[in-house]
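Each remark here refers to the structure printed beneath this line.
Atom set for the values below is all heavy atoms of this structure, side chains included, hydrogens, waters and symmetry mates excluded. Along the sequence shown, residues carry numbers from 1.
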Amino acid sequence: MNGLAGKQVHFDDHFLHVDLVDGRRISTPMSWYPELEQSPVKVLRDYVFICDATGIEWPALDYQLSIAAMLEVTIRKIA
């Protein structure tokens, strides 16, 4: 398991937050993920970690998200 392994997912009206096993948190705007942004809270709460916890899947949406990709996009947006 690498340092980008997820432990828990949270969200609010504006951000998707992923707590990592090493204690860090990655937060990205929900607007970056239209499929998630438009989904009901009940569906968003039904996630599972995949690929040794380096990815997140929302089975009801058939939507997968790489934690590394979240970080890479964040770095590109602020660079």
Using the rule given for side chain to side chain contact (heavy atoms under 4.5 Å, CB included), can you reason through Leu4 versus Arg24, listing the C-alpha separation, both sets of side-chain angles and the distance that settles it, and then say yes or no? CA-CA 9 Å; Leu4 292 179; Arg24 294 179 291 169; 3.9 Å; yes
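Taken to the nearest 0.5 Å, the CH2 atom of Trp58 stands 5.0 Å off from the CG atom of Leu36. Here the straight-line distance linking atom CG of Leu16 with atom CE of Met70 works out to 4.5 Å at 0.5 Å rounding. Lys7 NZ to Phe49 CZ: the interatomic distance, rounded to the nearest 0.5 Å, is 10.0 Å. Once rounded to the nearest 0.5 Å, the distance linking CD1 of Ile67 with CD1 of Ile50 reads 9.0 Å. Remark: Ser39 OG to Arg45 CZ distance equals 13.5 Å, nearest 0.5 Å. Annotation: the span from Asp12 atom CG to His17 atom NE2 amounts to 4.0 Å, rounded to 0.5 Å.
In terms of heavy atoms, His10 sits closest to Arg25 at CD2-NH2, 3.7 Å. The heavy-atom pair separating Tyr33 from Leu65 by the smallest distance is CE2-CD1, 3.6 Å. Nearest heavy atom pair, residue Val48 against residue Pro59, reads CG2-CG, 4.3 Å.
With hydrophobic clusters built from ILVMFWY side chains whose heavy atoms lie under 4.5 angstrom apart, Val41 does not share a cluster with Phe15.
In this structure, Asp52 contributes its side chain and Thr54 its backbone to no donor-acceptor pair below 3.5 Å. Not a single donor-acceptor pair under 3.5 Å links the side chain of Tyr63 to the backbone N or O of Glu35.
The side chain to side chain contact (heavy atoms under 4.5 Å, CB included) test with Val18 is passed by exactly one of Ile56, Thr28, Leu71: Ile56.
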